[in-house]
Number of protein chains: 2
Amino acid sequence: MLRPCYLGEFEHLILLALMRLEDRAYGVTVRQEIESRANREVSLGAVYATLDRMEIKGYVKSFRGDPTPERGGRSKRFFRVTPKGAAAVNRTHRAIESMTQGLQLLGSSS
Amino acid sequence: MLRPCYLGEFEHLILLALMRLEDRAYGVTVRQEIESRANREVSLGAVYATLDRMEIKGYVKSFRGDPTPERGGRSKRFFRVTPKGAAAVNRTHRAIESMTQGLQLLGSSS
DNA sequence: GCATTACTTCTACATTTTAGAACAAATTAC
DNA sequence: GTAATTTGTTCTAAAATGTAGAAGTAATGC
């Protein structure tokens, strides 16, 4: 099968979280960002699994930070979106946007 | 596991295609709509599998049309989005939107 | 050291996405 | 009418994604 270059739902949310968090993105903050912003519960296991897969695909890059002086403050694994990851987000947005053009659906529900 | 009420990527595109197509939505046109609008190749098998799953979940409803008088024009299985499906689209859009708020990413690529 | 805290990795499954082959029903050509 | 052709759907099987929770690791505080 040809490698699809489209993002899954959760991959998409995680990339957006990384973009928002900039240099503060690691497992816990990513999960928090999605829970509070997208109003959706996620497990840390899910977050890491998806980040690992996206690192293999080249959508994100991770590197170790230093330990912090809080109790339990061990070193974190930070993540950043790569240009390739950003391109994937853009492709996804364009696809959704062009499929949405002219539809009036986001009316007022909530 | 609790049934997640979030749409997968492809489910999302298919629901948008159904909304656009209104009463002309069946396997072939749905595929065409996604290929031309979202600029993405999809197989019919993928379209039907996803439509079937979404019918089970109550996001779409299908019904048979009559044969048409073209060569090979056998009867079609038409699909419509249900209110539940429309609600799922709205939830998905809200999640993406709130994750995107304030990010400037759709700059100019393409 | 031992308990506690913050964080990551591992394990195991469920669900979604995917392609292509097989099947079915209609039309046309002969 | 029956074989070939066309439109459309269903079936099958596998890969990719999504998910939760248990286990593991490194730090601090006592």
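Quick note on labels: first sequence line is chain A, next is B, and so on, each numbered from 1.
Among the heavy atoms of the strands lying under 4.0 Å from B/Gly8 are primed sugar atoms or P, OP1, OP2 only; no base atom is included.
Rounded to whole Å, the distance from CG on A/Asp52 to P on D/dG18 is 14 Å. For the pair A/Leu51 CG and D/dT19 C1', the interatomic distance rounds to 14 Å; values are reported in whole Å. Rounded to an integer number of Å, the gap from B/Arg53 CZ to D/dA16 P is 17 Å. Nucleotide D/dG8 holds its P atom 13 Å from the CZ atom of B/Phe79, rounded to whole Å. Going from atom CD of B/Glu11 over to atom P of D/dG18 covers 11 Å, rounded to whole Å. Between the CZ atom of A/Phe10 and the C1' atom of D/dT17 there is a distance of 10 Å, rounded to whole Å. Atom CD1 in A/Ile56 sits about 13 Å away from atom C1' in C/dT9, given to the nearest Å. Rounded to whole angstrom, the span from the NZ atom of B/Lys76 across to the C1' atom of D/dT6 amounts to 11 Å.
The nucleotide whose nearest atom lies closest to any side-chain atom of A/Ala46 is, among D/dT19, D/dT10, D/dG8, D/dT19. Considering only the side chain of B/Pro67, C/dA26 comes nearest among C/dT17, C/dA26, D/dT17. Nearest nucleotide to the A/Arg74 side chain, out of D/dG18, D/dG24, C/dT18: D/dG24. Minimum atom distance to the side chain of B/Arg77 is reached by D/dT10, of the listed D/dT19, C/dT17, D/dT10. When distances are taken from the side chain of A/Tyr26 to each of D/dG18, C/dC7, C/dT17, the shortest belongs to C/dC7.
Within 3.5 Å, no donor on the side chain of B/Arg71 pairs with an acceptor on the base of C/dT28, nor the reverse. Within 3.5 Å, no donor on the side chain of B/Arg31 pairs with an acceptor on the base of D/dG8, nor the reverse.
The distance from the OG1 atom of B/Thr92 to the CD atom of B/Glu11 is 8.5 Å, given to the nearest 0.5 Å. In this structure, the separation between CG on A/Leu13 and CE on B/Met99 is 6.0 Å, given to the nearest 0.5 Å.
Partner of A/Met54 under the side chain to side chain contact (heavy atoms under 4.5 Å, CB included) criterion, chosen from A/Val81, A/Ile14, A/Leu18: A/Ile14.
Of the side-chain N and O atoms in B/Arg40, one or more sit less than 4.0 angstrom from OP1 or OP2 of C/dT18. Residue A/Lys57 has a polar side-chain atom (N or O) positioned under 4.0 Å from OP1 or OP2 of D/dT17.
Within 6.0 Å of the CD atom in A/Glu41, the count of heavy atoms belonging to other residues, nucleotides or ligands does not exceed 12.
Judged by closest nucleotide on DNA chain C, A/Glu70 is the one of A/Glu70 and A/Ala49 placed further toward the 5' end. Heavy-atom nearest nucleotides on DNA chain D were determined for A/Gly72 and for B/Arg64, and the one closer to the 5' end corresponds to B/Arg64.
A cation-pi contact, defined as under 6.0 Å to the ring centre and within 45° of the axis, links B/Arg40 to A/Tyr6.
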